[in-house]
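Structure first, then comments.
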Amino acid sequence: MASQRPSIAWSWRNVALGVAYAAPAAIVALFDPALGLPLGVGVLPAAALGLRSTRRERRLVVIVGAVAGASLFLGSLVAPLPVVAVLSIFVLCVLVALAVANPARRLAPLVMVLGLPLVGGGLSEEGPAAGAAAALLILGGSLYAWAVSLLWPAVMTASARRTPPSRAARALMLEYGIQIGLAG
């Protein structure tokens, strides 16, 4: 029998990167978990996306963190006004779903799968000041993780270019936006 390569390979390089990402949030959380949590959430995009092959591609971590923070803050802004919050969620769901149908709106799928739920999460913040603080900590964590990733050398892989996902029809996305808006 030929030996097969394990599907999961240990990498000290990746362990060091993970520790570097997590260290500040872990230290802050020891003293104030309410501050450590959003800081830790900010580094999650870097952990989830992995170390992109080029340094230029690594800026996506900051974009994801900015979308997450802005969405949470937006939810905290409308939270004190329940009627405005419900209407805002509905309108946002419809607008974002329509944007997903437009190939020129490259960030729309990210806003749909991450931003809209975090607007809902922002509704549970104690007010706009708390929402702004959490948003800034998330963005700060993403900026930190991006800066740390720049310290790691670029790894070029010979992977095939991914084809962009096909966009759903506008009418279908409008229907979907209305459905998720009503559910929201």
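- Remark: I138 CD1 to L37 CG distance equals 8.0 Å, nearest 0.5 Å.
- Of all heavy-atom pairs between A79 and G122, the closest is CB-O, 4.3 Å.
- There is no path of hydrophobic side-chain contacts, each under 4.5 Å, that joins L116 to L87.
- Counting only heavy atoms from C-beta outward, the side chains of F90 and I178 approach each other to under 4.5 Å.
- Residues V67 and L60 fall within the same hydrophobic cluster, defined by Ile, Leu, Val, Met, Phe, Trp and Tyr side chains chained together at heavy-atom separations under 4.5 Å.
- Residues V64 and L137 do not share a hydrophobic cluster, clusters being chains of Ile/Leu/Val/Met/Phe/Trp/Tyr side chains in contact below 4.5 Å.
- In this structure, I27 is not a member of the same hydrophobic cluster as L17, with clusters built from ILVMFWY side-chain heavy atoms closer than 4.5 Å.
- Heavy-atom minimum distance, S88 versus V78: OG-CG1, 3.8 Å.
- A chain of hydrophobic side-chain contacts below 4.5 Å, direct or via other Ile, Leu, Val, Met, Phe, Trp or Tyr residues, connects V119 to L107.
- Across W152 and A20, no two heavy atoms sit closer than the pair CH2-CB, 4.2 Å.
- Between A145 and Y21, the closest heavy-atom pair is O-CE2, 3.4 Å.
- Interatomic distance, E126 CD to S76 OG, rounded to the nearest 0.5 Å: 11.0 Å.
- You'll find the side chain of E125 reaches within 4.5 Å of the side chain of L72, heavy atoms only.
- A distance-only check finds a donor-acceptor pair linking the side chain of S142 to the backbone of G42 [under 3.5 Å].
- Here the side chain of R58 pairs a donor or acceptor atom with the backbone of S149 at under 3.5 angstrom.
- With rounding to the nearest 0.5 angstrom, the CG atom of L139 is 11.0 Å from the CG atom of L39.
- Contact annotation: the side chain of L77 approaches that of F73 to within less than 4.5 Å [non-hydrogen atoms, C-beta and beyond].
- Of all heavy-atom pairs spanning P109 and V100, the tightest one is N-CG2, 3.9 Å.
- L92 has its side chain out of reach of I89: every pair of non-hydrogen atoms, C-beta onward, lies at least 4.5 Å apart.
- No side-chain heavy atom of S71 sits less than 4.5 Å from a side-chain heavy atom of L114.
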